[in-house]
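Some notes on the structure that comes next.
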Amino acid sequence: MAVIMSVSVLPTDQLYREQLLDHYRQPRNYGKLLKYNAEATGQNPLCGDVVQVQLQLQDGSITKIGFISQGCVISTAAGSLLSEQMTGCSIADVLELRLTDVEKLLGVRLPLPRIKCGLLFLEAVQAALQ
Amino acid sequence: MRSYYNQLLMLTPVKTRQPKVVQPLVSREDFPLLRNRPEFVYLDSAATTQKPQVVIDTMVSFYEHEYASVHRGIYDLSAAATERYEAIRQQIALFTGAQSPSEIIFTANATGALNLAAYLLLDHINAGDEIILTVAEHHSNLLPWQRLAQIKGARLVWLTPDAIGCFPLDTFTSRLTSRTKVVAVGHVSNVLGYVAPLKTIVAAAHRVGAQVVVDAAQSGGHLSIDVSDIGADYMAFSGHKTYGPTGTGWLYAKQEHLEDAEPQLVGGGTIKQVTQTNTIWHEVPWRFEAGTPNISGIVGLSAAIAWLQKLGLTNIWKYEQQITQYAMEKLSMVDGLVFYGPLHTQDRAGILSFSLSVGGRRLHSHDIAQIANEHDVAVRGGHHCAQVLLTALGIPDLTRASVGCHTTTADIDRLVMALADVSSVFD
């Protein structure tokens, strides 16, 4: 489980620490699902990051997530961490997630040019749910 | 295209001898920002150049002692400002080899100049006509033609850089037809760093009756340009990439193209007379400069041009080639680094785009640039306003280091150290 910290004290210099690199090297829930009932693709036009998300939904909750992506450490690690957290969550709760929640999971305050990297997966999931 | 770059992977040179030392051309101290940030290594001159002290001082002095509007006032201060402004136009005409100052139109940047050129060519394109451009064009020398083609029902003809990342001269000549009306080409590619053979391109294009538009944003501040000798119909220049202030640039256009042309932007300064029903346009080039121009910017630009002329663009080019050679030799020793663009170091701009793989995995340029930033080294990551090129290369992004006349071998060494750290982080 990721440690939740107050956003105001999140460091900006720990993007490349071991935990995030682990999620980058071996992203959880990576791969296509055989069965899914929602999907979406997200792209970051600034850099070419792409993510494709597939979701299994049942009774208003997400039961399984699969994603494939081509991107930087932040976008990949965010996908891995978020997909872990979102599995089992209600659709309503996932639709409420914002940048600050992503930053808490990553454990780091995202510098301005990397915010889109952090939001790529989240926005794709939220698009798939709508 | 993709297979050419796989071949390139195998061609990446591996040098084992120590690269020689290169004496700096200008001092870091000439640039206030670099002086104020002694540890900062700036390798993003292709995005914008840092400003020499004299450029900043000239602008401040202008604002403090001589500032007034141009072309509008009777009083001494305004008359002097106008005279200065027009003298700068003349200076730039001489600097670039134009036949007359009326061939120089000030714009906000090279993008504005290219948009203006496309606008001026509106009447020369009809349905079924062809516009030749390369996939390596910066979006600013791509979108205006894409839109022009859409508006007029013309066809875009795309050229792909050759196997070693240079301008494809033979495919170019074979694609010229009697329907070709415009050839749009970057002088120096902002990603690949190749230098296009402009004179040859112009000669071939003119033979079929096509006009040539050159994007000189990356070349103006690095090599000597004689627009009359090159013979292009239009050339777009960037002020802020030529050690001048932001908000400056200019379009060179052959006199004959401007005489009967109507302006793109209209308003104050573009007319001789306005009535409710009729307007008589001003003479060339003022017709094409609507509104109050970036007067102080152009004053600063003038100082930058004078500064460049004192250094000598031939000297700058020669120096930057040496630094580029040093950089390529050092970078080619980095494991997993692949260059994109010409691998030769002669006649190749100091623009080095590369990808880096560690442990068999291709790293994202955002991560490379972020870690370089932690070492106080500024490089660029992303698509560099060249999405069409990256798609043709089959890659999502590139890291780019670009050289300015203040770049030293020590700067390159710092970049290599930063890349070593990148490799160790991802190992």
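Numbered from 1 within each chain, the chains take letters A, B, ... in sequence-line order.
For A:Arg25 and A:Glu18, the salt-bridge test passes: some basic side-chain N is under 4.0 Å from an acidic carboxylate O.
Between chain A and the residues B:Leu390, B:Ile371, B:Ile395, the largest count of heavy-atom pairs under 4.5 Å involves B:Ile371. Note: A:Cys72 leads A:Cys117, A:Ser75, A:Cys72 in heavy-atom pairs under 4.5 Å with chain B. By number of non-hydrogen pairs under 4.5 angstrom with chain A, the leading residue of B:Asp397, B:Ile368, B:Asp367 is B:Asp367.
Ring-centre distance between B:Tyr340 and B:Phe354: not below the 6.0 Å cut-off. Checked against the 6.0 Å centroid threshold, B:His384 and B:His139 do not count as a close aromatic pair.
Heavy atoms closer than 4.5 Å to chain A are found in both the backbone and the side chain of B:Leu363. Within the 4.5 angstrom heavy-atom criterion, only side-chain atoms of A:Arg114, from C-beta onward, approach chain B. For B:Arg361, the part lying near chain A is the side chain, with the backbone staying farther off; criterion is any non-hydrogen pair under 4.5 Å.
The stretch residues 417-427 of chain B participates, sequence neighbours left out, in these side-chain hydrogen bond (donor to acceptor under 3.5 Å, both in side chains) pairs: B:His375-B:Asp421, B:Asp421-B:Ser424. Residue pairs satisfying the ring pair (Phe, Tyr, Trp, His ring centres under 6.0 Å) criterion with at least one member in residues 98-118 of chain A, sequence neighbours excluded, are absent.
Rounded to the nearest 0.5 Å, atoms OG (A:Ser83) and NE2 (A:His23) are 8.5 Å apart.
Under the 4.5 Å side-chain criterion, counting only non-hydrogen atoms from C-beta, A:Leu33 is in contact with A:Lys64.
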**Request:** Check step by step if side chain to side chain contact (heavy atoms under 4.5 Å, CB included) holds for A:Tyr24 and A:Tyr16.
**Result:** CA-CA 10 Å; A:Tyr24 170 69; A:Tyr16 297 100; over 6 Å; no
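Interface with chain A: from residues 35-49 of chain B, no residue qualifies, criterion being any non-hydrogen pair under 4.5 Å.
Remark: A:Asp93 pairs with no residue by the salt bridge (charged side-chain N to carboxylate O under 4.0 Å, His left out) rule, at least two apart or across chains.
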